[in-house]
Amino acid sequence: MIIGKVTTNLEAIIELEVGNLNQWVKIESVIDTGFSGYLALPSDLINRLKLPQIDNQEVMLGDGTVAVLERYLVKIIWSGEERSISALRSDGGPLAGMSLLYGSRAVLDVVEDGSVRIDALL
């Protein structure tokens, strides 16, 4: 189970533990239901963790423009299990996408300081 909260800006935030073979950090990530990928991470975190680049990926942004973003391999603790997933380099803060949530039930109390709960279905 993953627990989070809804902010005063009505963003659903969850705490994630991400890392590589040698280093782990806890981050707060916004759940983005419009993002079909796994995770988007800022450059400073990718550089600090020295994540290995997989390739470049063409993506369509929310405004309809197409961009090519670098894709990296990152480890994550999800529902108590270590998983290897891909993360896109982004200019904003961390985003958790729908591929990361796949196989889960997300319950959001969408009010200020509302609770966020994600449980595994599979």
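Side chains included, hydrogens not; waters and symmetry mates left out as well; all remaining heavy atoms used.
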For Glu112 and Leu10 the tightest heavy-atom approach is N-CD2, 4.3 Å
Other residues, nucleotides and ligands only: do more than 12 of their heavy atoms fall within 6.0 Å of OH on Tyr38? no
Interatomic spacing from CG in Leu21 to NZ in Lys50 - rounded to 0.5 Å: 13.0 Å
For Pro42 against Gly93, the heavy-atom pair lying closest together: CD-C, 4.4 Å
Which of these passes side chain to side chain contact (heavy atoms under 4.5 Å, CB included) with Ile118: Leu108, Ile31, Ile3, Leu100? Ile31
Which heavy atom of Trp24 sits nearest a heavy atom of Lys75, and at what distance? CH2-CB, 3.5 Å
Ser99 side chain to Ser36 backbone, donor-acceptor under 3.5 Å: yes
Can any side-chain N or O of Ser29 pair as donor or acceptor with the backbone N or O of Ala96 at less than 3.5 Å? yes
Heavy-atom neighbours of Asp113 CG exceed 12 at 6.0 Å: no
Is it true that Asn9 and Thr7 share a donor-acceptor pair across their side chains at a distance under 3.5 Å? no
Return yes when atom CG of Asp91 has more than 12 non-hydrogen atoms of other residues, nucleotides or ligands closer than 6.0 Å, and no otherwise. no
Heavy-atom closest pair (Val6 atom, Asp109 atom, distance to 0.1 Å) is CG2-O, 3.3 Å
In terms of side-chain geometry, is the basic nitrogen of Glu17 or Lys26 positioned less than 4.0 Å from the acidic oxygen of its partner? no
N-O pairing of Arg71 and Asp55 below 4.0 Å: yes
Is any side-chain heavy atom of Arg89 less than 4.5 Å from a side-chain heavy atom of Tyr72? yes
For the residue pair Gly19 and Leu49, what are the closest heavy atoms and their distance? CA-CD1, 4.0 Å
